[in-house]
**Student:** 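To start, I am sharing the structure in question, which I have written as structure tokens.
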Amino acid sequence: MINSYEYNKPLCSLHTMHFPVKADYYIQIKDKKELIEHLSEISEFEKIYYLGEGSNTIFLKDFSGLVVHLKTKGIQLISENKKEVKVEVEAGENWHDFVKTCIQNQWFGLENLTLIPGSVGAAPVQNIGAYGVEVKDFIELVQCIDINTGKLIELTNEECLFRYRNSIFKQQENKHLIITSVIFRLNKQFIPNLSYQELANFIQDDENITSITAELVSDCVRQLRQKKLPDPKVLGNSGSFFHNPILNQNDWQILKNRFKDIPSYKLEDYHYKVAAGWMIDQLGLKGFRVGDMGVHDWQALVLVNHGKGMPNELLKLIAIIKDAVCNQFNIALTVEPNLV
Ligand code: EPU
């Protein structure tokens, strides 16, 4: 075994829920070549977890295996035509820094995804989305290493089977695919996406706004997020904790008849996405706590660690919320971040 491994590595600062747990083994990987070189050694570990910035991973207990921390960097323009650019981005790049780079270079499309915590390599896994945009709409290819064979493979957008907060990378049988870089197709012309009502209203209500630029949209999204989403550096959290449930037309109609105000969004195939945060809020659970774990005061879909929160408190909190939502709305909420 080579000396770059660390033992009993504290994971507290490596995942944004900040539970004080450890990994038996830990290694940082700074470029793709290094990963390929280490692959046969890495695959000898029975349990391996590939970690980005830890904003969608919650370590509930000590990890009895190897954590591989992907910190590969690089943003490269690989081609362009009159309308579009193709940009290759290494998995370890910070998502928000990449969005800022895009805006600076006038590569448009990702403005609405400003300030989402996490790494570029994690973005396709759960098909990150916010304010009316999903990352899938700008992904051309995802490059991976198959850790079973050591082969580099490329998956097209279609092959990734992107759906709402989902892709093939979330499925257990594809855990041998490690994302190393993502190729984005971005626009040279800026066309604002104001399909999310809250964002459109925010811009419309500001009389000082005379023209809508990508910088402006990005800044408005930043303000909206900062108004209700806690900064994980200040208050431990993993973003939205539950998926917004997707219902068929019949189930949605039954729910809507009972709860006329429930916010919902019509999807393409006669399904409806309903706001889980609204349901939790309606139950009066904003600010509710189990020990040092709680429902955020401003956004009920976010669970936070007030400082000394422990995994058992989180599990109890999840159970209470799921039970309450099920009893009142007859809906089974599902947890969004990976619980490890
Ligand atoms: N709502 C409440 N009370 C709450 C929370 C929400 O009444 O405590 C209502 C809101 O007023 C709104 C509706 O529920 O009418 C939806 O709320 P919001 O716009 O805050 O969005 P969300 O559905 O709770 C989703 C994403 C967020 C993303 C926002 C904005 C998921 C699981 N979450 O949240 O993504 O930032 O939309 O686009 O889809 C994340 O995934 O980590 C994340 C933060």
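Atoms within a ligand are numbered from 1 in the order they appear, just like the ligands themselves. Just the heavy atoms: all of them, side chains too, but no hydrogens, waters or symmetry mates, feed the values below.
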**Student:** With the side chain counted from C-beta on, respond yes when E215 and F190 share a heavy-atom pair under 4.5 Å apart, and no when they do not.
**Tutor:**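 Heavy-atom side-chain distance check fails, nothing below 4.5 Å.
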**Student:** Give a yes or no on whether N330 atom CG has more than 12 heavy-atom contacts from other residues, nucleotides or ligands under 6.0 Å away.
**Tutor:**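 Count not over threshold, so no.
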**Student:** Determine whether any heavy atom of R225 lies closer than 4.0 Å to an atom of ligand 1.
**Tutor:**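 Per 4.0 Å heavy-atom rule, R225 contacts ligand 1.
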**Student:** I need the nearest protein heavy-atom contact for atom 18 (P) of ligand 1: residue, atom name and distance, please.
**Tutor:**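 For this ligand atom, the closest protein heavy atom is Y196 OH, 3.5 Å.
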**Student:** Scan the protein's non-hydrogen atoms and note whether one is under 4.0 Å from atom 11 (O) of ligand 1.
**Tutor:**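 So atom 11 (O) of ligand 1 lacks protein heavy-atom neighbours under 4.0 Å.
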**Student:** Applying a 4.0 Å heavy-atom criterion (strictly less than), which segment of E198 is in contact with ligand 1: side chain, backbone, both, or neither?
**Tutor:**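 It is the side chain that touches ligand 1; the backbone stays farther off.
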**Student:** Run the side-chain donor-acceptor check on residues 264-279: report pairs under 3.5 Å with partners two or more places apart or on a different chain.
**Tutor:**
{"residue": "S264", "atom": "OG", "partner": "W252", "partner atom": "NE1", "Å": "3.0"}
{"residue": "H271", "atom": "ND1", "partner": "D269", "partner atom": "O", "Å": "2.9"}

**Student:** Does F241 approach ligand 1 within less than 4.0 angstrom via side chain, backbone, both or neither, non-hydrogen atoms only?
**Tutor:**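 It is neither part, as no heavy atom is under 4.0 Å.
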**Student:** Could you give the side-chain donor-acceptor pairs of residues 73-80 under 3.5 Å, partners two or more places apart or in another chain?
**Tutor:**
{"residue": "K73", "atom": "NZ", "partner": "G92", "partner atom": "O", "Å": "2.9"}
{"residue": "E80", "atom": "OE1", "partner": "K188", "partner atom": "NZ", "Å": "2.8"}

**Student:** Looking only at atom types and distance, does a side-chain atom of D146 sit under 3.5 Å from a main-chain N or O of N148, one as donor and one as acceptor?
**Tutor:**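 Judged by distance alone, yes, a pair lies under 3.5 Å.
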**Student:** Considering only protein heavy atoms, which is closest to atom 42 (O) of ligand 1, and at what distance to one decimal place?
**Tutor:**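 Of every protein heavy atom, S240 N, 2.8 Å lies nearest to atom 42 (O) of ligand 1.
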**Student:** Measure the distance from atom 14 (O) of ligand 1 to every protein heavy atom, then report the residue, atom name and distance (to 0.1 Å) of the closest one.
**Tutor:**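 Checked against all protein heavy atoms, atom 14 (O) of ligand 1 sits closest to A275 CB, 3.3 Å.
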**Student:** Can you list the ligand 1 atoms lying under 4.0 Å from a non-hydrogen atom of K286?
**Tutor:**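 By the 4.0 Å cutoff, the relevant atoms are 8 (O).
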**Student:** Apply side chain to side chain contact (heavy atoms under 4.5 Å, CB included) to the pair N338 and K170, showing each step before the final yes or no.
**Tutor:** CA-CA 9 Å; N338 301 324; K170 279 211 133 182; 4.1 Å; yes
**Student:** If I take atom CG from residue N157 and atom CD1 from residue I139, how far apart are they, to the nearest 0.5 angstrom?
**Tutor:**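 Atom-to-atom, N157:CG and I139:CD1 are 7.0 Å apart.
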**Student:** Which protein non-hydrogen atom lies closest to atom 24 (O) of ligand 1, naming both residue and atom, and how far is it?
**Tutor:**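 Checked against all protein heavy atoms, atom 24 (O) of ligand 1 sits closest to Q299 NE2, 2.9 Å.
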**Student:** Who's the nearest protein heavy-atom neighbour of atom 32 (C) of ligand 1, and how far?
**Tutor:**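 Nearest neighbour among protein heavy atoms for atom 32 (C) of ligand 1, to 0.1 Å: Y164 OH, 3.2 Å.
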**Student:** Which atoms of ligand 1 sit under 4.0 Å from any heavy atom of D281?
**Tutor:**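 Matching atoms, with element in brackets: 2 (C), 3 (N), 4 (C), 7 (O), 8 (O).
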**Student:** Using a 4.0 Å heavy-atom cut-off, which part of A130 comes near ligand 1: side chain, backbone, both, or neither?
**Tutor:**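 For A130, the contact with ligand 1 is made by both the backbone and the side chain.
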**Student:** For the atom pair CD1 (I116) and CG (N94), what is the distance rounded to the nearest 0.5 Å?
**Tutor:**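 Answer rounded to 0.5 Å: 11.5 Å.
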**Student:** I need the nearest protein heavy-atom contact for atom 23 (O) of ligand 1: residue, atom name and distance, please.
**Tutor:**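 Atom 23 (O) of ligand 1 sits closest to the protein heavy atom N244 ND2, 2.8 Å.
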**Student:** Working to the nearest 0.5 Å, report the span between NZ of K175 and CZ of F169.
**Tutor:**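 These two atoms lie 10.0 Å from each other.
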**Student:** Does K228 approach ligand 1 within less than 4.0 angstrom via side chain, backbone, both or neither, non-hydrogen atoms only?
**Tutor:**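 Contact part for K228 vs ligand 1: side chain (C-beta onward).
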**Student:** Could you find the nearest protein heavy atom to atom 35 (O) of ligand 1 and give me its residue, atom name and distance?
**Tutor:**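 Nearest neighbour among protein heavy atoms for atom 35 (O) of ligand 1, to 0.1 Å: R165 NH2, 2.9 Å.
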**Student:** Name the closest protein heavy atom to atom 8 (O) of ligand 1, giving the residue it belongs to and the distance to 0.1 Å.
**Tutor:**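 Ranking protein heavy atoms by distance from atom 8 (O) of ligand 1, first comes A300 N, 2.8 Å.
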**Student:** CG/L161 to CZ/R163 distance, rounded to the nearest 0.5 angstrom?
**Tutor:**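 Spacing of CG (L161) from CZ (R163) equals 6.5 Å.
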**Student:** Any donor-acceptor pair under 3.5 Å linking the side chain of Q126 with the backbone of I128?
**Tutor:**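 Side chain of Q126 to backbone of I128: no pair is present.
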**Student:** Between ligand 1 and Y131, is the shortest N or O to N or O distance under 3.5 Å?
**Tutor:**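 The answer is yes, given that Y131 and ligand 1 share an N or O pair closer than 3.5 Å.
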**Student:** Report, in ascending order of atom number, the atoms of ligand 1 lying under 4.0 Å from any heavy atom of F242.
**Tutor:**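 Close to F242: 32 (C).
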**Student:** Test Y25 against every option in F45, Y5, Y49 by the ring-ring contact (aromatic ring centres under 6.0 Å, His included) rule and name the one that passes.
**Tutor:**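 Exactly one candidate clears the test, F45.
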**Student:** Against heavy atoms of Y265, which atoms of ligand 1 measure under 4.0 Å?
**Tutor:**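 Result: 13 (C), 16 (C).
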**Student:** What atoms in ligand 1 come closer than 4.0 Å to a heavy atom of G239?
**Tutor:**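 Going through ligand 1 atom by atom, the ones under 4.0 Å from G239 are 42 (O).
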